[in-house]
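Read through the structure below, which is laid out as structure tokens, and then see the notes.
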Amino acid sequence: MHEMAISESIVQIIEEQAEAQNFSEVKTVWLEIGRFAGIEIEALRFTFDVVSRNSVAEGSSLEIIEIPGTAWCLECGKNVDIKQRFDPCPECGGFQLQVSGGEEMRIKELEVN
Amino acid sequence: MCTVCGCGEGETRIEGHEHEHDHGHDHGHAHSHDHSHSRDHHHYGQGPARAHAPGMGQQRMVEIEQDILGKNDRYAAGNRQHFADRGILALNLVSSPGSGKTTLLTATLDALAGELPLAVIEGDQETSNDADRIRATGAPALQINTGKGCHLDAHMVGHAVESLEPADGSVLFIENVGNLVCPAAFDLGEAHKVAILSVTEGEDKPIKYPDMFQAADLIILNKIDLLPYLQFDVAKCLEYANRVKPGVQVLQLSATSGEGMENWLQWIRMTREARLIGHPALQLPSAAVTA
Ligand SMILES: Nc1nc2c(ncn2[C@@H]2O[C@H](COP(=O)(O)OP(=O)(O)O)[C@@H](O)[C@H]2O)c(=O)[nH]1
Ligand SMILES: [Mg+2]
Ligand SMILES: [Zn+2]
Ligand SMILES: [Zn+2]
């Protein structure tokens, strides 16, 4: 379950930012998580609660902004929306797709005190 | 938190890298949060917002815009640069537990010993059994135990490379922790991920674990010696693999019988040589190569 490592990275970035941007309490953390980032949101919430304890992020809530999956279809020559990596192109039915969006894993912003 | 490099990787143990890596978290309870999904919060200015009295401030938004695994990616970039400088071909071997990574590696090392300089980093949650199996072939190997961690990360690999010191021009095999999910997210700085799938697993693994199979540049279908005894549909498996990664190269082999091994060995030789074009490490006389 790599959500533990992901949560540790999130807390580490927040702690660095707390120092750099001068805050001591985080209320809300906004994350952008792509559909194909391979993250179990519930596992992320659970591990974040555990690893954020005794940090400035203790007790903060996670808000997840899901980034949809998109792929470049070589046949159609354009970006199309897909739900799964192995989905066919919704327009031409082909499989010549290259994922172009949905792998994001970013901390976007924080609401702090 | 690692005091040498500021890393926080829990309970990792790396052979030959003996600083403390144990900052245990106690896994007692989880708070309950109310995960409301409203975004109608107030923006009190964006970006560095430090213009307020210290202590009790007003609530404000702080823009971060950072990749969560940015740190891993920076370590990975460092490893990749190091490998390029030294002419090292690093291959990250990923699979479910038991697909035959270690067996394939020992067969590969036996076959290539004396021909190419080789080194191995072994990742497992516990024990140094696999590194011992590798060292029995005569190749230098180093074990990383990740404890509860389910993947190697670029920082662990960086430390392992420091201790192992693979020779210039060598092929460095990194056997990741057996897991088709988590290692997909952690770039180690390798040249290629090689995903191993054995015929005793379902032929639909590529679409069950599409993140990993898409990240892999080569798929090895192992244990083909067992095909006569199984219902495994090779054509279906190849079709699924191609759906996830159009045109992906798949090598079918048996690490134990040796069937198909020559293709894999040739892939390693050619990939290494292609990477070493113009690099001084290629000019190493093969007589100087130690197994
Ligand atoms: N029949 C057969 N068994 C294999 C083959 N490759 C590996 N195995 C067996 O599969 C089991 C797991 O192999 P191992 O290399 O430890 O897998 P790992 O967990 O991926 O490192 C062992 O019992 C191996 O002997 C193969 O090509 N054919
Ligand atoms: Mg193994
Ligand atoms: Zn299309
Ligand atoms: Zn360290």
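In the text below, chain A, chain B and the rest are named by the order of the sequence lines, each starting its count at 1. Small disclaimer: the values here were computed from a predicted structure and weren't measured.
Taken to the nearest 0.5 Å, the CD atom of A:Q12 stands 12.5 Å off from the CD1 atom of B:I68. Interatomic distance, SG of B:C150 versus CE of A:M4, reported as 9.5 Å (0.5 Å rounding). With rounding to the nearest 0.5 Å, the separation of CD in A:E111 from CE in B:M61 is 5.5 Å. Going from atom CG of A:D87 over to atom CD1 of B:I207 covers 10.0 Å, rounded to the nearest 0.5 Å.
Within the 3.5 Å criterion, the main-chain N or O of B:E65 finds a donor-acceptor partner in the side chain of A:R106.
For a residue to count as touching a neighbouring chain, one of its non-hydrogen atoms must lie under 4.5 Å from one of that chain's; by this rule B:F213 does not touch chain A. For a residue to count as touching a neighbouring chain, one of its non-hydrogen atoms must lie under 4.5 Å from one of that chain's; by this rule A:E40 does not touch chain B. For A:I82, no part lies near chain B; criterion is any non-hydrogen pair under 4.5 Å. Interface remark: B:A185 contributes side-chain atoms only to the contact with chain A (heavy atom separation under 4.5 Å). Heavy atoms closer than 4.5 Å to chain B are found in the side chain of A:I13, but not in its backbone. Heavy atoms closer than 4.5 Å to chain A are found in both the backbone and the side chain of B:Q66.
Around CD of B:E239, the count of heavy atoms belonging to other residues, nucleotides or ligands within 6.0 Å exceeds 12.
Side chains of A:H2 and B:V181 form a contact here, defined as non-hydrogen atoms less than 4.5 Å apart.
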query: Can you list the steps and then say if A:S9 with B:L69 is a side-chain contact (heavy atoms from CB on, under 4.5 Å)?
result: CA-CA 7 Å; A:S9 298; B:L69 292 181; 3.9 Å; yes
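At a heavy-atom cut-off of under 4.5 Å, chain B is reached by A:F95, A:Q96, A:L97, A:V99, A:E103, A:M105 from residues 91-105 of chain A, listed in order of number.
Under the side chain to side chain contact (heavy atoms under 4.5 Å, CB included) criterion, B:K208 pairs with B:D204, not counting sequence neighbours.
Ion pairing between B:K71 and A:E8 fails under the 4.0 Å rule for side-chain N and carboxylate O.
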